[in-house]
Amino acid sequence: MSAIKVENISKSFGKVKALDHISFEVERGELFGLIGPDGAGKTTLFRLLTTLLNPDEGRAEVDGFDIVKDYHAIRERVGYMPGQFSLYQDLTVEENLNFFAALFGVKVEDSYDLIAPIYHQIEPFKKRRAGKLSGGMKQKLALSCALIHRPSVLFLDEPTTGVDAVSRSEFWDMLEDIKQRGITVLVSTPYMDEASRCDRVALCNEGRILGIDTPTDIVAKYDSSLYSVRADNMYQLLLATRKATGVAECYPFGETHHLIADAKFDIEQFKGELADIKGLYIEPAEPTIEDMFIKLMKQ
């Protein structure tokens, strides 16, 4: 039995279709990622699966329980870390942890072995008010509180937004450890580079799922010729490249632009057409999750 099963779920807010017939399954003990930009419907889906909202259409199960009929059972079994820090800012680190343990009728000592790898990093500051913590420390406290009752399924809604690169990397290491303890993890993120840390990912945009697979297999499905281009004036290069013969698409990609070529593309002809662009350089590029996402979104 899957840990999460979503069948044809839809949800609208007025005229806005937040989710449009979403279907997918998450296996037990899997680290599953929802990858997509703001407005993709990730938060709405999380609120449905944690029984904070009811769907307009479709059904879903979490840990074998229906999200509408069995919401009490689901709330006892899941941990939820929303996108915005939602703990009590006036309570200390220790008081927040004790409060959430009491909510679920457990003691901190009973689950300390589970949260210890995370909590020990902030334990020296246990008397500090939560509102005075750094972004990375708030993140660790929120995760500790979400795990204090030993949930079978953990929902993390954009948990690394607003934290530094080191804290982001540490957080994903912690998620890997949590997964190894048998807890199913569903995590959403707008950062494409974090997709590689998941067992499987669903690429989401505008309330729909564009594709589901392992990160490696998603990239392997990329079947277009891709090039990396750069020049002294990157904006001038972007405009000129989009007009060049054989260029299907060109978009900014980090410090370069990525060029998708069609059958008419020829590198030497391209260089000739852009001969007035100073510092022009072009080379073949390996596709990434982000390239595949852009391609699927265009389709």
Side-chain angles (χ1 to χ4, degrees), residues 1-11 18-46 48-49 58-63 152-161 168-169 171-173 175-180 182-228 248-249 251 253-254 258 260-261 284-299:
M1 183 175 63
S2 302
I4 301 171
K5 187 174 183 179
V6 178
E7 297 178 339
N8 213 32
I9 284 283
S10 293
K11 183 66 179 180
L19 294 174
D20 189 1
H21 298 94
I22 294 287
S23 296
F24 68 96
E25 292 188 32
V26 179
E27 301 301 321
R28 292 190 179 277
E30 189 173 27
L31 176 50
F32 191 96
L34 296 175
I35 315 296
D38 292 342
K42 305 186 299 296
T43 296
T44 299
L45 180 60
F46 272 55
L48 287 167
L49 294 177
R59 64 183 302 275
E61 293 180 356
V62 176
D63 209 16
S152 57
V153 183
L154 181 62
F155 293 91
L156 306 171
D157 190 8
E158 299 193 1
T160 58
T161 299
R168 281 175 59 194
S169 179
F171 190 84
W172 280 93
D173 290 340
L175 294 190
E176 183 63 32
D177 182 67
I178 290 169
K179 188 194 81 167
Q180 295 302 324
I183 297 175
T184 305
V185 182
L186 181 62
V187 57
S188 70
T189 177
Y191 301 121
M192 298 290 169
D193 61 308
E194 293 184 345
S196 62
R197 304 293 298 266
C198 301
D199 297 323
R200 287 190 303 144
V201 296
L203 303 181
C204 312
N205 191 53
E206 295 184 347
R208 297 181 181 180
I209 291 180
L210 307 180
I212 299 177
D213 214 325
T214 65
T216 300
D217 287 345
I218 283 180
V219 173
K221 294 174 183 177
Y222 194 89
D223 57 359
S224 298
S225 297
L226 187 70
Y227 295 87
S228 176
E249 182 62 73
Y251 47 88
F253 195 91
H258 272 189
I260 301 177
E286 291 294 326
T288 66
I289 286 279
E290 188 169 352
D291 291 303
M292 192 62 184
F293 179 84
I294 292 173
K295 183 175 182 179
L296 291 171
M297 190 170 61
K298 295 289 184 181
Q299 292 175 349

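Both backbone and side-chain heavy atoms feed into the values below; hydrogens, waters and symmetry mates do not.
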Heavy-atom side-chain proximity of V187 to P159 below 4.5 angstrom: yes
Distance (rounded to the nearest 0.5 Å) between D20 CG and N205 CG: 12.0 Å
N/O donor-acceptor pair under 3.5 Å between K42 side chain and G36 backbone: yes
Pairwise side-chain contact, L48 with L19, heavy-atom cut-off 4.5 Å (strictly under): yes
Spatial distance of atom CG (L296) from atom CG (L203) [nearest 0.5 Å]: 6.0 Å
Beyond-backbone contact of M292 with D213, side-chain heavy atoms, under 4.5 angstrom: no
S10 side-chain N/O to H21 backbone N/O, donor-acceptor pair under 3.5 Å: yes
Heavy-atom side-chain proximity of M192 to T288 below 4.5 angstrom: no
Side chain D199, main chain L31, donor-acceptor under 3.5 Å: yes
Electrostatic pair D217-R200, nearest N-O below 4.0 angstrom: no
Test item: I9 and L49 side chains (from C-beta on) under 4.5 Å apart, heavy atoms: no
Aromatic plane relationship, F46 with F155 - under 30° parallel, 30 to 60° tilted, over 60° perpendicular: perpendicular
F24 and L45: CA distance, side-chain angles, deciding distance, side chain to side chain contact (heavy atoms under 4.5 Å, CB included) verdict: CA-CA 12 Å; F24 68 96; L45 180 60; 3.6 Å; yes
Full working for side chain to side chain contact (heavy atoms under 4.5 Å, CB included) between T184 and D63: CA-CA 10 Å; T184 305; D63 209 16; over 6 Å; no
Pair R197 + E176, salt bridge at N-O below 4.0 Å: no
CZ on F32 to CD1 on I212, rounded to 0.5 Å: 4.5 Å
E25, CD atom: more than 12 neighbouring heavy atoms under 6.0 Å: yes
Heavy-atom closest pair, residues A40 and C204: CB-O, 3.7 Å
Check: F293 and P37 side chains under 4.5 Å, non-hydrogen atoms: yes
Distance (rounded to the nearest 0.5 Å) between I178 CD1 and D173 CG: 11.0 Å
Value rounded to 0.5 Å, distance of CD in E158 from CD in E194: 9.5 Å
Contact check, side chains of I294 and I260, non-hydrogen atoms, under 4.5 Å: no
Polar contact flag, side-chain donor to acceptor under 3.5 angstrom, N8-S23: no
Where T160 and R168 come nearest, the two heavy atoms and their spacing: CB-CG, 3.5 Å
Ion pair check, R59 and E7, cut-off under 4.0 Å: yes
Derivation of the side chain to side chain contact (heavy atoms under 4.5 Å, CB included) call for Y251 and D291: CA-CA 10 Å; Y251 47 88; D291 291 303; 2.4 Å; yes
More than 12 heavy atoms of other groups within 6.0 Å of Q180 CD: yes
Heavy-atom side-chain contact between S2 and R28 under 4.5 Å: no
Separation of I35 CD1 from I209 CD1 (nearest 0.5 Å): 11.5 Å
